[in-house]
Amino acid sequence: MIPLLCPLILELGGFRPLGTSLRLLRAFALLAGFHLLALAVPGALLGAGLAAWAWTPAAVAVTVTVLSVLLGVPVVRGTLALGGTGRADVAGLPVTDAEQPELWRTVRSLAEHVGTRAPDVILLTGDANAGVREDARLLGLLPGPRRLYVGVPLLTGLTEPQLHAVLAHELAHYGNADTRLAGITHRGRDSVLRTVEAFREQERKRVDKERSRQEKAAAKAIAEGREAEEVSTGRAGLTHRLTAKPFLAYARVCLRATHGADRAQELAADRTAARIAGRDATASALRETAALDAAHDFYMSRYATMGVPAGLLPPHGEVFGGLRRLLAAPGRQEDLAELRGEPPAGETSPYDTHPSPADRIRLIEALPDDGRAAAPARPALALLRDADRVLRELESAVLTPEAQALERADWPELTHRTMHALALEEARPLRAALAAAPRAGTPGATADLTAFLDAVDAGLLWQIADRLPKSPEAARATGRAAREFLRPRLHSGLYSLTELALAETAGARWTLSWSEPARLLLPTGAGTDEAVAAAVRPAVGDVPDTAPLRELLRTSTV
């Protein structure tokens, strides 16, 4: 039965947009195939157990029975997973018609042009993405409540026509019943993948147990003066690997069928967006969202969350709102233009859920000219009433309680305190290596740096370096090779310790830039990066020279 279903599934999972009835048939075929497989494997295991009790000694029968139960548990887990969709809701800020009338009016107008029912809920999220969801009933046979997710980064970076194209694309999924059938499609696909993962988990446990056993045996052999055998776990977990093979094969069928249809749905939604918002606006929206996706990831990692290790967050409303500053920075425009001009091409795979942005843009730009050339327009963020208030409320809706409890600091203070904490951590190993050296003056970074320079002048540089943490390879090295392993760590620790000393005695502060990494500046506004690098390098050379570093400290002291 399963082999007969596979060609049908593959045929129905092609790249052509399918009608609702055919897609529903495909979804039920996937579910039916999983049920048959989930019955066939336990049935085979049960048969093996009964045969063992009938024709083998009791000890063998017990072993086969226990093994059959262990192999059957992952299958049962996967079957039980059919009870839920396995898709957690996205955290977001729901906005009502009364709160955001212009946004709701825009969405309803676009839904009317698409020819579909408008969403029941609009949620603003912190992702550079948009999406739709429908909680359909009876496995997608009956429509249900609809949700539209709109990422605030899109509102921040897109123009209104570009946002119209993005929203029309998402609403088109409603019109083609994509969201109604998503529940049953994802349910069957997720269940078979969970079953495969359960087998892999059991296999990993067997492999880890066998490796631990062999490593203990090897350690015992070495202790007794015998030659240890090479650790090999090739046969560990073999039964789980073999039992998982039919589920792996079926998972590939599911992924190929559903993902091929997903790509066709995306292209159909792109054509709808181009029809409603215009060809040029739709193509430019795809280019801009590709750039925004990269810019947003960069902003979140390098700016919005940079202070988390120091227990800090940006001011209220700036966790997501600060992206505007990055996008407007003159020094970032060239990078953004390059991202727009070269959207990700991606690699073609039958398991990709979306065509690459480059392919989608190419197909849209190949459409006939509709006479609606992209023109300057106001930012999409203008659709929100009191956008600053919304940005603050979004943080309360999506940030974890732990994140919301962090101290807030304005951008200059956040930058300085964060970089100071990073410098402290980077200098910590070197300061620990100096623990036995005498200190001069008040304890602090300056005293530690002075002690280091005095130790270097006394010929103790590599004795101090030898106390730094080492990799196993560095610990085995000797002579010049050992020095080359230690030099980068020594250099970075001394660089950070010098920065701390300049902040301590010269009033230097790390300064925020939206176009380049933060820099340490003296009160005069002079940068220290090049000066510190030039002074530190001789101090850790083969023939150490501390004079440049001492001179830098002397001339920089307030």
Side-chain angles (χ1 to χ4, degrees), residues 102-103 105-111 113-114 116 119 122 124-132 148-176 178 262-263 265-297 299 323-324 326-328 332-333 335-346 353-384:
E102 192 169 2
L103 177 61
R105 187 162 54 249
T106 298
V107 171
R108 289 195 177 105
S109 174
L110 290 169
H113 283 85
V114 171
T116 190
I122 296 178
L124 301 180
T125 73
D127 302 320
N129 202 354
V132 288
L148 171 64
Y149 302 92
V150 183
V152 164
L154 295 184
L155 294 171
T156 301
L158 299 182
T159 64
E160 275 193 85
Q162 290 171 337
L163 181 67
H164 291 174
V166 171
L167 297 181
H169 172 101
E170 298 301 333
L171 293 169
H173 289 307
Y174 284 142
N176 200 29
D178 299 342
D262 287 343
R263 291 194 295 278
Q265 292 166 6
E266 291 301 319
L267 296 179
D270 281 345
R271 290 192 292 272
T272 300
R275 173 176 60 83
I276 294 171
R279 182 195 67 177
D280 291 352
T282 303
S284 67
L286 279 170
R287 291 186 181 277
E288 195 67 40
T289 51
L292 271 175
D293 185 48
H296 177 254
D297 287 346
Y299 165 76
L323 178 63
R324 293 174 290 184
L326 180 74
L327 296 176
R332 297 292 183 190
Q333 299 312 305
D335 293 336
L336 291 170
E338 184 177 346
L339 289 171
R340 296 185 192 103
E342 298 181 9
T353 58
H354 283 59
S356 70
D359 287 341
R360 294 172 64 189
I361 292 169
R362 176 178 53 80
L363 291 173
I364 291 171
E365 291 179 340
L367 294 174
D369 186 358
D370 53 18
R372 292 180 287 178
R378 67 174 185 168
L381 198 62
L383 289 171
L384 295 183

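Since the structure is predicted, the reported quantities are computational estimates derived from the model, not experimental observations.
Residues satisfying the side chain to side chain donor-acceptor pair (under 3.5 Å) test with Arg108, not counting sequence neighbours, are Asp97. Residues satisfying the salt bridge (charged side-chain N to carboxylate O under 4.0 Å, His left out) test with Arg287, not counting sequence neighbours, are Glu365. For the side chain to side chain donor-acceptor pair (under 3.5 Å) test, no residue two or more places apart in sequence or in another chain qualifies with Glu342. Applying the side chain to side chain donor-acceptor pair (under 3.5 Å) criterion to Arg105, with sequence neighbours excluded, gives no partner residue. A search for salt bridge (charged side-chain N to carboxylate O under 4.0 Å, His left out) contacts involving Asp335 returns nothing, not counting sequence neighbours.
Applying the side chain to side chain donor-acceptor pair (under 3.5 Å) test to every pair with at least one member in residues 274-284, sequence neighbours left out, gives these pairs: Gln162-Ser284.
Here the side chains of Leu384 and Leu124 are in contact, with some heavy-atom distance below 4.5 Å. Considering only heavy atoms from C-beta on, Leu323 comes within 4.5 Å of His296 through its side chain. With contacts defined as side-chain heavy-atom distances shorter than 4.5 Å, the pair Leu148/Leu167 qualifies. With contacts defined as side-chain heavy-atom distances shorter than 4.5 Å, the pair Tyr174/Val114 does not qualify.
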Margin query: If you apply the rule side-chain contact (heavy atoms from CB on, under 4.5 Å), what do you find for His164 with Leu110, and how did you get there?
Written below: CA-CA 7 Å; His164 291 174; Leu110 290 169; 4.3 Å; yes
Item checked: side-chain contact (heavy atoms from CB on, under 4.5 Å) assessment of Val166 paired with Val150 -> CA-CA 9 Å; Val166 171; Val150 183; over 6 Å; no
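Nearest approach of Leu326 to Tyr299, heavy atoms of both residues: CD2-CB, 3.7 Å. Between Ala285 and Leu158, the shortest heavy-atom contact is O-CD2, 4.4 Å. Considering every non-hydrogen atom in both Leu171 and Ala111, the closest pair reads CD1-N, 3.6 Å. A pairwise comparison of heavy atoms in Pro161 and Ala377 identifies CD-CB, 3.4 Å as the closest pair.
The one candidate from Thr289, Ile361, Leu286 that meets the side chain to side chain contact (heavy atoms under 4.5 Å, CB included) condition with Pro343 is Ile361.
Summarising the geometry, atom CZ belonging to Arg372 is positioned 9.0 Å from atom CD1 belonging to Ile276; distances are rounded to the nearest 0.5 Å. Note that the CG atom of Leu339 and the CG atom of Asp293 stand 10.0 Å from one another [nearest 0.5 Å]. Rounding to the nearest 0.5 Å places CG of Asp297 at 10.5 Å from CG of Leu292. Distance check, rounded to the nearest 0.5 Å: OG1 of Thr156 to CG of Leu327 gives 7.5 Å. With values rounded to the nearest 0.5 angstrom, Leu336 atom CG is found 7.5 Å from Glu288 atom CD. In this structure, NE2 in His169 is found 5.0 Å from CZ in Arg360, a value given to the nearest 0.5 Å.
No donor-acceptor pair under 3.5 Å is formed between the side chain of Arg378 and the backbone N or O of Leu383. Of the possible polar contacts, none joining the Glu338 side chain to the Gln333 backbone as a donor-acceptor pair under 3.5 Å is found.
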